[in-house]
J.: 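Below is one structure. I have some questions about it.
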Amino acid sequence: MATSKDILKERLGRYRQIKISVIGRKSGRRISVPVWCVLDGEKLYLLPVRGSEIQWYKNLLENPSLGIEARGAKGKFKAVPVTGTKAVKSVVERFREKYGASDVKRYYSKFDAAVQVRLG
């Protein structure tokens, strides 16, 4: 019997876009944002489209609580910022493999931060 975690992982691997929710660092309210993701085993990677300047990333630095929703399957996790040049480059390469280099170039403008989420 598939668990809710298994269903979430299956959907994270299948779909191009998911929704994340973060706690606003000023408002304290939960904010939902559509993002692309890459699943690698028990790890999920997120790449902010404007790097460390995007608001949802700044919110995660204040409060690492992250809600993830993929077509009805949901979970709550702890986000870990990825900031090292080599580590971020590795995430960018994963995004290029999944979404294509041209789409990553079209939608992403700064590559100085990423986010890792351990699902297991």
Side-chain angles (χ1 to χ4, degrees):
M1 183 106 180
T3 66
S4 58
K5 180 183 147 189
D6 293 334
I7 294 167
L8 178 60
K9 278 182 59 180
E10 183 269 329
R11 291 182 184 174
L12 290 171
R14 186 172 359 145
Y15 297 113
R16 288 179 57 90
Q17 184 171 290
I18 63 169
K19 280 188 185 174
I20 60 168
S21 59
V22 298
I23 305 293
R25 63 191 182 285
K26 295 176 184 169
S27 70
R29 285 187 251 148
R30 192 157 282 282
I31 301 161
S32 291
V33 181
V35 297
W36 286 357
C37 66
V38 172
L39 180 65
D40 185 5
E42 291 292 315
K43 295 176 188 174
L44 181 73
Y45 294 96
L46 308 174
L47 189 63
V49 294
R50 290 190 313 271
S52 61
E53 295 175 9
I54 203 153
Q55 295 301 313
W56 68 259
Y57 180 80
K58 291 179 180 181
N59 289 332
L60 280 178
L61 294 177
E62 286 283 319
N63 182 342
S65 175
L66 178 70
I68 296 175
E69 193 260 322
R71 304 269 173 120
K74 299 178 182 180
K76 293 217 185 291
F77 302 92
K78 181 181 178 196
V80 177
V82 176
T83 55
T85 304
K86 278 182 141 178
V88 172
K89 186 175 182 178
S90 174
V91 174
V92 171
E93 287 306 314
R94 286 181 169 102
F95 270 69
R96 287 180 177 141
E97 287 172 19
K98 180 175 180 179
Y99 297 99
S102 63
D103 277 353
V104 171
K105 185 178 180 179
R106 180 180 306 138
Y107 297 113
Y108 292 82
S109 60
K110 190 173 182 183
F111 301 105
D112 67 339
V115 174
Q116 181 187 78
V117 181
R118 288 196 180 275
L119 302 174

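All heavy atoms count here, side chains included; hydrogens, waters and symmetry mates do not.
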J.: Could you check whether any side-chain heavy atom of Leu46 comes within less than 4.5 Å of a side-chain heavy atom of Val38, counting everything from C-beta outward?
T.: no
J.: Under a 3.5 Å distance rule, please check whether Lys9 uses its side chain to pair with a backbone N or O of Leu39 as donor and acceptor.
T.: no
J.: Side-chain contact test, heavy atoms from C-beta onward, threshold under 4.5 Å: evaluate it for Lys43 versus Leu119 and give yes or no.
T.: no
J.: Any side-chain heavy-atom pair from Ile23 and Ile31 closer than 4.5 angstrom?
T.: no
J.: Is it the case that the side chain of Asp112 and the backbone of Ser52 share a donor-acceptor pair, with hydrogens and angles ignored and the cut-off at 3.5 Å?
T.: yes
J.: Please tell me if the side chains of Ser65 and Phe77 come closer than 4.5 Å, counting only heavy atoms from C-beta onward.
T.: no
J.: To the nearest 0.5 Å, how far apart are CZ in Arg11 and CD1 in Ile7?
T.: 6.0 Å
J.: In terms of heavy-atom contacts, does CZ of Arg71 have more than 12 from other residues, nucleotides or ligands at under 6.0 Å?
T.: no
J.: With rounding to the nearest 0.5 angstrom, report the NZ to CD distance, Lys76 to Glu69.
T.: 11.0 Å
J.: Testing the basics here: between Ala70 and Leu8, what is the closest heavy-atom pair and its distance to 0.1 Å?
T.: CB-CD1, 4.0 Å
J.: Which atoms form the tightest heavy-atom contact between Pro34 and Gln17, and what is the distance?
T.: CB-NE2, 3.4 Å
J.: Please check this pair: side chain of Asn59 against backbone of Gly24, looking for a donor-acceptor N/O pair closer than 3.5 Å.
T.: no
J.: Hey, could you give me the SG/CG distance between Cys37 and Leu12, rounded to the nearest 0.5 Å?
T.: 5.0 Å
J.: Tell me the closest heavy-atom pair linking Ala79 and Val117, and the distance in Å.
T.: CA-CG2, 4.3 Å
J.: One thing to verify: whether Glu10 and Arg14 come together as a salt bridge, which I'm taking to mean a side-chain N less than 4.0 angstrom from a carboxylate O.
T.: yes
J.: Do Arg50 and Ser109 have side-chain atoms, one donor and one acceptor, less than 3.5 Å apart?
T.: no
J.: Who pairs with Ser90 by side-chain contact (heavy atoms from CB on, under 4.5 Å), at least two apart in sequence or on another chain?
T.: Arg94
J.: Return the minimal non-hydrogen interatomic distance between Leu47 and Ala114, and the atom names on each side.
T.: CD1-CB, 4.0 Å
J.: Report yes or no: do Tyr107 and Ile20 belong to one cluster of Ile/Leu/Val/Met/Phe/Trp/Tyr joined by side chain heavy-atom distances under 4.5 Å?
T.: yes
J.: Could you tell me whether Lys110 atom NZ has more than 12 heavy atoms of other residues or ligands within 6.0 Å of it?
T.: yes
J.: side-chain contact (heavy atoms from CB on, under 4.5 Å), that's the test. Do Phe111 and Thr85 meet it? Break it down for me.
T.: CA-CA 9 Å; Phe111 301 105; Thr85 304; over 6 Å; no
J.: Calculate, to the nearest 0.5 Å, the distance between atoms CG and NZ belonging to Leu66 and Lys78 respectively.
T.: 12.0 Å
J.: Hey, does Val115 have a side-chain heavy atom less than 4.5 Å from the side chain of Val80?
T.: no
J.: For the residue pair Ser21 and Ser32, what are the closest heavy atoms and their distance?
T.: CB-OG, 3.8 Å
J.: Please give me the minimum heavy-atom distance between Pro81 and Tyr57, naming the atom from each residue.
T.: CB-OH, 3.5 Å
J.: Trp56 versus Val35: any side-chain heavy-atom pair under 4.5 Å?
T.: yes
J.: Are the aromatic ring centres of Phe95 and Trp36 under 6.0 angstrom apart?
T.: no
J.: What's the spacing between Asp40 CG and Glu97 CD if we round to 0.5 Å?
T.: 9.5 Å
J.: Taking side chain as C-beta onward, heavy atoms only, is Ile54 less than 4.5 Å from Val49?
T.: yes
J.: Rounded to the nearest 0.5 Å, how far does CG of Leu61 lie from CZ of Arg25?
T.: 8.5 Å
J.: Hey, is Glu42 close enough to Arg118 for a salt bridge, meaning N to O under 4.0 Å?
T.: no
J.: Does Asp103 come within less than 4.0 Å of Arg16, counting only side-chain N to carboxylate O?
T.: yes
